[in-house]
Number of protein chains: 2
Amino acid sequence: MPDHTSPPDKRATIYDVAAEANVSPSTVSRAFSKPSRVNSETAERIRQVAERLGYRTNPLARALTTSRTHMIALVIADITNPVYAEIVRGAQEAAMSGEYTTVLIDAQESDRLERAAIERAMSTVDGIVLASSRMSDSAIRMFAKQRPVVVLNRAISDVPCVVTDNPRGVRRVAEHLGELGHDHITYVSGPQASWPNGTRWRALLEAGMELEIKVRQIGPFSPTIEGGERAAVELFARPATAVLAFNDQMAIGLIRGLNRMGVDVPGDVSIVGFDNIPAADIVTPGLTTVAAPLYAEGSAATRHLLTMIRGAHGHTGRPMVLPVRLVIRRSTATRNPSPGRARSPWVRQRPRPNPAARLS
Amino acid sequence: MPDHTSPPDKRATIYDVAAEANVSPSTVSRAFSKPSRVNSETAERIRQVAERLGYRTNPLARALTTSRTHMIALVIADITNPVYAEIVRGAQEAAMSGEYTTVLIDAQESDRLERAAIERAMSTVDGIVLASSRMSDSAIRMFAKQRPVVVLNRAISDVPCVVTDNPRGVRRVAEHLGELGHDHITYVSGPQASWPNGTRWRALLEAGMELEIKVRQIGPFSPTIEGGERAAVELFARPATAVLAFNDQMAIGLIRGLNRMGVDVPGDVSIVGFDNIPAADIVTPGLTTVAAPLYAEGSAATRHLLTMIRGAHGHTGRPMVLPVRLVIRRSTATRNPSPGRARSPWVRQRPRPNPAARLS
DNA sequence: GGCACGACGGCAACGGGTTGCCATGTATTG
DNA sequence: CAATACATGGCAACCCGTTGCCGTCGTGCC
């Protein structure tokens, strides 16, 4: 096995290169950081010597004086949640193309963990992308005072934000369900600390008003398949014909839970999700959902962060909003489609023990 | 908006604390890094002053002399692949509990990208976890010479590795399918650069030998749902009754593709995946698959890396192997279950245009 | 010819800790 | 009581680049 202890990687420094090239260290430094500041022949010679010696500038040493580490932190609420995959990739790619490295922090849906991790990374990064932060506005502002911060999927005044067009997405859902004959939509809500959760509910409230569709809310539940299954139980107690879930995972859990209790989707109830994660396309029935431009979100937020780091003052003050699109699959259908199906859908068969217990 | 340019975060330094506490900077330094080296009262006083001044030791400055950045790199093949979610989380948690920060690198299934990214991060991290690297053995050994490296899901001599028990998993699959009456298993292979791919195929070869089950291989395909769908087309040309796919995503794609062409799973063909990603449980039919201890993999690899960084020489030379477990769901069934179903399963109906084209 | 200016390179301080070595004072030991 | 050991704290060098400032030299211009 390689021995990592004795000479723990003795890389050449600018001093080595300087000695070898018969110039001063500062010239070597400039040859790399400000090539215009040094004679092109000298620079070339230095570069060759450096090459020969395998010199690479040490980012840490550089950071010490420039206070630019060329690293950014990307904080996500839960890496287990597939929405973040594309976001992370978008961010990573934007970072790389800007010569930046990404430090990923998984907050595990915990306010406390999130703060602690950021606290530790703070001094090491040039900026932070906060994707679906669970922290309070004031906590975020605190961080924003110390480092450039871009917030994703949340709007906070005085902090640059990029969000998806939730109102428009919800509106499209309401229209779609309305066209299918539904006059009542139940919103299954996610974590209360989640900003889009509130936004979506309010948007639904508003859309309901305009389109003359009644709306109600149940929850909160955790934004997972399991949370959706739990919601199914509650939903069973107060049936609905159309449901909008906070996100796809919950929608999928909902379908599963409902199926288990003998409720048919979309026959008895139409279900809509949010995000269009890959799984939305592989469940049965395929999930109608609002597609968010995940990759673009990560990429846009990161690019914005980089321009801030590079010293651009002007952000508009308004959040940057990204377009969404309704993806219609099989989980939504006309209300009570076939007249022949006259039986009361929700009491077709005895629910399983667990739900029954909750029903009493 | 906060102004990030003028005083870009003037944190207190050991010098500030030293002046305030009437000691020399070195004492302040020691109060934090080697508390035993300084009088406990003095240390306490220093700590209080530090607290009051909001002092935090600057990891970069520290790293400059100690050459310990307290960061590790976690390199994964494709963040879009859900297997990595749990691995990342396991790694992150192990890192955090060891006071380490994780730099995530997504190689996007590209050898070149992977190398470039590692190259850049190399000098900034104390060690590297390579999860499912697509690089050559020699490239990996090169890196391992410069920094502690732990390889995940791959065995390379002279480099510490942690792998799952692929042979055992495959063996259990073969037994399971054998018990269901299958005497022939087709392996749908993933990327050739993937180590577990080769391992699984060889294990199947061996298991087939012992259990007197014939085996064959098709592929390679990309390890995605789409790759699985493509495989379905090829499989259609040379039917099988039992299939083991390189991973769950391919298995899911396979089921989809087959369904589309009118082939029933598991009625006509049994399908088994690998990894037990969350989606395996939500597809219809539920996917029989080999569950890998994802979280444990990430965690074990990272912990091992940390002990290496801390200077432990002794690794056994043998890869650490983690147990797997067969999860039986609905995608596998007895071969030709109902005698009444006499029709030739694979030609039940006309395939769709695209497959037909490939068939000609 | 005198002068201003730009190109180029070096000096030295700096960033924020870490650490080997020495000095002092106190406790221990014979 | 002398000799030795230990606890504690300071000094100064060091890690590796960056950068403000200055000196030198060659060139162009009046």
Side-chain angles (χ1 to χ4, degrees), chain A residues 7-47 49-50 53-71 99 120 122-126 146, chain B residues 7-47 49-50 53-71 99 120 122-126 311:
Chain A
D9 185 20
K10 271 297 162 217
R11 271 216 173 286
T13 71
I14 48 170
Y15 298 93
D16 302 325
V17 178
E20 190 80 5
N22 280 319
V23 291
S24 82
S26 37
T27 306
V28 178
S29 170
R30 284 195 271 258
F32 288 103
S33 51
K34 296 185 178 59
S36 67
R37 188 63 179 64
V38 47
N39 185 301
S40 56
E41 286 175 33
T42 319
E44 183 52 31
R45 184 160 44 91
I46 291 175
R47 240 172 278 132
V49 174
L53 265 48
Y55 168 78
R56 329 225 55 176
T57 119
N58 178 334
L60 278 75
R62 168 179 305 197
L64 199 51
T65 53
T66 60
S67 54
R68 289 267 113 82
T69 59
H70 271 235
M71 292 195 283
E99 305 269 80
R120 285 214 301 125
M122 188 60 112
S123 55
T124 313
V125 299
D126 294 347
Q146 305 176 50
Chain B
D9 186 19
K10 272 297 163 216
R11 270 217 173 286
T13 72
I14 47 170
Y15 299 95
D16 302 326
V17 178
E20 190 79 7
N22 281 318
V23 291
S24 81
S26 38
T27 305
V28 177
S29 170
R30 283 196 271 258
F32 288 103
S33 51
K34 296 186 178 55
S36 66
R37 188 65 180 62
V38 47
N39 185 302
S40 55
E41 285 175 32
T42 317
E44 182 52 30
R45 182 159 47 92
I46 292 176
R47 239 171 280 131
V49 174
L53 266 50
Y55 167 78
R56 329 228 55 174
T57 123
N58 178 333
L60 278 76
R62 172 184 307 212
L64 199 52
T65 53
T66 60
S67 55
R68 288 267 169 296
T69 58
H70 271 235
M71 291 196 283
E99 304 271 78
R120 285 213 303 125
M122 189 60 112
S123 55
T124 313
V125 299
D126 295 347

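Letters go in sequence order (proteins before strands), and every chain restarts at 1.
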Q: Hey, could you give me the CE/CE distance between A/Met71 and B/Met71, rounded to the nearest 0.5 Å?
A: 3.5 Å
**Q.** B/Tyr55 OH - C/dG15 P separation (whole Å)
**A.** 14 Å
(Q) By the 4.0 Å heavy-atom rule, please label A/Phe32 as base, sugar-phosphate, or nothing. (A) nothing
Q.
Can you measure A/Leu60 atom CG to C/dG16 atom P for me and round it to whole angstrom units?
A. 14 Å
Q. With a non-hydrogen cut-off below 4.0 angstrom, is B/Val28 in contact with a base, only sugar-phosphate, or nothing?
A. nothing
**Q.** Out of D/dG10, D/dT18, C/dT19, whichever nucleotide has its closest atom nearest the side chain of B/Thr66
**A.** C/dT19
Q: Rounded off to whole Å, could you give me the CZ-to-C1' distance for the A/Arg62 and D/dC15 pair?
A: 16 Å
Q. How close or far is atom P of D/dG17 from atom CG of A/Leu53, stated in whole angstroms?
A. 12 Å
Q | Spatial distance of atom CG (B/Asn22) from atom OG1 (B/Thr42) [nearest 0.5 Å] | A | 11.5 Å
Q. Can you find a side chain N or O atom of B/Lys34 that sits less than 4.0 Å from OP1 or OP2 on C/dT19?
A. yes
Q) Just to confirm, is there a sub-4.0 Å distance from OP1 or OP2 of D/dG17 to any side-chain nitrogen or oxygen of A/Asn58? A) no
Q) Would one find a side-chain N or O of B/Thr27 under 4.0 angstrom from OP1 or OP2 of D/dG10? A) yes
(Q) Looking at D/dC15, I'd like to know if its phosphate oxygens (OP1 or OP2) sit under 4.0 Å from a side-chain N or O belonging to B/Ser67. (A) no
Q | A/Asn58 CG to A/Arg11 CZ distance, which is reported to the nearest 0.5 Å | A | 9.5 Å
Q) Rounded to whole angstroms, how far apart are CZ on B/Arg30 and P on D/dA7? A) 14 Å
Q | Reported OG1-to-CG distance for the pair A/Thr124 and A/Leu60, which is rounded to 0.5 angstrom | A | 9.0 Å
Q) What integer distance in Å separates A/His70:NE2 from D/dT18:P? A) 11 Å
Q: Looking at every strand, decide which applies to B/Ser26 at a 4.0 Å heavy-atom threshold: base, sugar-phosphate, or nothing.
A: base
Q: Look at A/Thr65 and C/dG15 and indicate whether a side-chain polar atom (N or O) is within less than 4.0 Å of OP1 or OP2.
A: no
Q.
Please report the distance, rounded to the nearest Å, between OH in B/Tyr15 and P in C/dT18.
A. 10 Å
Q. Does B/Arg37 make a side-chain donor-acceptor contact with the base of D/dG9, cut-off 3.5 Å?
A. yes
Q: May I have the distance from B/Asn39 (atom CG) to C/dT24 (atom C1'), rounded to whole angstrom?
A: 15 Å
Q.
Just to be sure I understand the rule, does B/Thr13 reach a base, reach only the sugar-phosphate, or reach nothing, if contact means heavy atoms closer than 4.0 Å?
A. sugar-phosphate
Q) Quick one: do the B/Arg56 and A/Ser123 side chains pair a donor with an acceptor below 3.5 Å? A) no
Q. B/Ala43 or B/Ala61: which one's nearest nucleotide on DNA chain D is closer to the 5' end?
A. B/Ala43
